[in-house]
Amino acid sequence: MGAVFRRMTGDERHPGISAVYEEDNGDTDPVVALMKRYVPGNTDVFAIAVCTTILHQLLTLVPPYLLGVTLDAFFTGQRTTLSVALVPQAWIPPGTRGQFGFIAGLFVATALATALTQAVQVVTFRWFQQSILHDLRTDAYDATQGLDMAFFETEATGNVMSALNNDVNQLRAFLLGGLRQSIESTTLLVGLLAFMIGLHWQLTLFSMSFLPVMLGLVYVYQQAIEPRYDDRRSAVGELNTHVQNAIGGIETIKTFSTERRESAQHRTHSREFWEADWRAAKLSGLFYSTRRLLTEVMSLAIVVVGGWWTLFGPPLMFSAPLSAGLFVTFLFYGRRLVQESSQIGDLVDTYTDARASAKRVFGLLHYPSRISESDEAEQLERVDGRVEYRDVSFTYPGADSPTLEHVTFEAEPGEFVGLVGPTGAGKSTVLKLLLRLYDTDEGTITIDGTDVSMTTMESLREAIGYVSQDPFLFGGTVRENIAYSDPNADERRVVEAAKRANAHEFIRDLPDGYDTAVGERGVKLSGGQRQRIAIARAVFKDPPILILDEATSHVDNQTELLIQESLSDLIASRTTFVIAHQLSTVREADRLLVLRDGRIVESGDHGELLERDGLYASLWEVHTGATAELPEQFRARGQ
Ligand code: ADP
């Protein structure tokens, strides 16, 4: 069962995760939707789990009954003949000894059956729960992997992680606890009432008269506690957000020396959480003690009325007599009835939480993607590397003004294209469109004549190697990071790629060489070292098109030169796009595209552009130090 993607239109903004569920499903209860989607794959286990749960609960009602029957048959003055419901009279032995042994046998059989059904119930429920969660988790993960970049930019990472972790766990608690509990409670309530009515409907009527009081109490409590829980949830959310920000921004906090202020804010948030929790706790305390009191009062009432009934005959308008044994049975049943009805509130609680979680997880599963693969998508094969942009315009979702306007250019196979221009001109965006991290609003981008939106995502991205300014290294070894595109590659290829990226020397000097762990939990590498590993990763992939987006911005000039030298034959043999801050990095480019405010304003090689004496020429002058004056356009932009 994979995720179902709905295509978003260009100017549609990303909705929140929960909102998606409501759009798609209207009033359908999310927990019901969840069960509908996942139970069919696990019907057998679910059926066994439900049946054994019902059986188990009914079996727990047998001992009080047997006790009552035993008391009446052997221990009270009335000494009625022993008869057990559902057991044929012929099976019951004649003498007192035999009968006593028979009853003892029934007690043992019930105990064994109770234990057995419990064991089956526990394991089948656990299997059912894990199986559903596994499907749900993998579906939700796959769905997020298929979403477009704009989703991750608009939806806070925290929300996505929370839906993947907390909400899935919340559903776990519901599937194992709430769902089972609700089957148990329903069985018990129905079973108890049936047993009680069967045994003595008049006393049952009296015992039931308390139920509306209990249900009323539960209802009032639910209404009152809900807003307090909401407050508590938002207080804890704010507290967590503050901690997250403070840890993420620790460097800024330290350099601005604002620890005290942050600490005071944290104290305030923590205090607010405490207060919110206290308001909820007070009400809970009141509710639980009232509920307890009510349970005791009801039990006591059954004791008093039942006792009276047994001793002096039916009170008021009642007519059926009550034996001592039945009185004892009812003491157990009555108490159980009251207890179960008071559990309904807890069930409503877990159900409400599960609904909210199911809504978010479903929202993630059905999140509309802006970028999706066309049904007629073709495989890009044996790419030569001819890239053509034709009148491409693009605006980031939610942005007010266009980011790129009418961008048109061509790159021949093997050509080295440099993109230059002020920060924010749109250079990175141009290349992100080639990778199809976003779709163009207007115009087309083709590779070897095939529109990128008509190619399979996998073959497109296989054809392109991309190194960004701030590359991400996965937790794992240096070798694994370099050989990311082919984990089974031999050592020689890895070392070769590292040498080209001028990374071999420093990798060799790491504590465990190529086996050194990097990433968040590994050794700390400098920005330049990470960039060189990322370049090695792209070189290793050996793609027909290579994009270096300020890939050497963190390395010193000398290392940059070395990398360039070792990359030169690599660049010569494939279409390469290089965005560089240092104009000298792209000086040798076959063609330079100069961008400003989302438009290509000049293009040509270094010599031609200098001759033109336009924006590039002024940028070059600043670069070489021939002038200290920034070009007019830069000053106008305040850069
Ligand atoms: P350059 O690479 O030339 O510095 P970019 O392509 O990164 O420029 O950015 C072009 C413009 O688009 C900038 O104004 C930037 O603020 C905006 N921009 C970049 N990335 C995003 C994004 N993910 N969402 C919205 N706006 C963006």
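Model, not experiment: these values are computed from the prediction. Just so you know, ligand 1 is whichever comes first in the structure, and atom 1 is the first atom listed for that ligand. Heavy-atom basis, side chains included; hydrogens, waters and symmetry copies ignored.
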**Prompt:** Which value, rounded to the nearest 0.5 Å, describes the distance between K541 atom NZ and I482 atom CD1?
**Reply:**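 So the gap between those two atoms works out to 15.0 Å.
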
**Request:** Could you list which atoms of ligand 1 come closer than 4.0 Å to a heavy atom of K427?
**Result:**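 Selected atoms, number and element: 1 (P), 2 (O), 3 (O), 4 (O), 6 (O), 8 (O).
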
**Request:** Give the numbers and elements of all ligand 1 atoms closer than 4.0 Å to a heavy atom of T423.
**Result:**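 Counting from 1, the qualifying ligand atoms are 4 (O).
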
**Request:** Give a yes/no verdict on a cation-pi contact between R232 and F273, requiring under 6.0 Å between NZ or CZ and the six-membered ring centre and an angle within 45° of the axis.
**Result:**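 So R232 doesn't make the cation-pi contact.
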
**Request:** Using atom types as modelled and distance alone, determine if a side-chain donor or acceptor of T446 lies under 3.5 Å from a backbone N or O of D451.
**Result:**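 Checked: no pair found.
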
**Prompt:** Under 3.5 Å, side chain of D605 to main-chain N/O of E608, donor-acceptor pair present?
**Reply:**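 Present.
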
What residue and heavy atom of the protein are closest to [atom], and at what distance?
atom                    : result
atom 26 (N) of ligand 1 : Y396 CD1, 3.2 Å
atom 7 (O) of ligand 1  : S428 CB, 3.8 Å
atom 23 (N) of ligand 1 : E153 OE1, 2.9 Å
atom 4 (O) of ligand 1  : G424 N, 2.8 Å
atom 9 (O) of ligand 1  : T429 OG1, 3.7 Å
atom 8 (O) of ligand 1  : G426 N, 3.2 Å

**Prompt:** Under a 4.5 Å cut-off applied to non-hydrogen side-chain atoms, are R461 and L437 in contact?
**Reply:**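 Heavy-atom side-chain distance check passes, below 4.5 Å.
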
**Message:** Checking contacts here: is it the side chain or the backbone of Y438 that comes within 4.0 Å of ligand 1, counting heavy atoms only? Could be both or neither.
**Reply:**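 Side chain only; the backbone of Y438 stays clear of ligand 1.
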
**Prompt:** Where on T403 is there a heavy atom closer than 4.0 Å to ligand 1, on the side chain, on the backbone, on both, or on neither?
**Reply:**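 T403 to ligand 1: side-chain contact only, backbone stays beyond 4.0 Å.
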
**Message:** Just to check, does G421 reach to within less than 4.0 Å of ligand 1 when the distance is taken from its heavy atoms?
**Reply:**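 Under 4.0 Å: no for G421.
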
**Asked** Is the closest heavy atom of A399 to ligand 1 under 4.0 Å?
**Response**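 No, A399 has no heavy atom closer than 4.0 Å to ligand 1.
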
[X] with [Y]: basic N within carboxylate O range, under 4.0 Å:
X    : Y    : value
E388 : R390 : yes
R382 : D448 : no
D167 : K359 : no

**Message:** Applying salt bridge (charged side-chain N to carboxylate O under 4.0 Å, His left out) to D549 and K427, what does each step give before you reach the verdict?
**Reply:** CA-CA 9 Å; D549 184 350; K427 305 181 291 292; over 6 Å; no

**Prompt:** Is atom 20 (N) of ligand 1 in close reach of the protein, with a heavy atom under 4.0 Å away?
**Reply:**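 For atom 20 (N) of ligand 1 the answer is yes, since some protein heavy atom falls inside 4.0 Å.
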
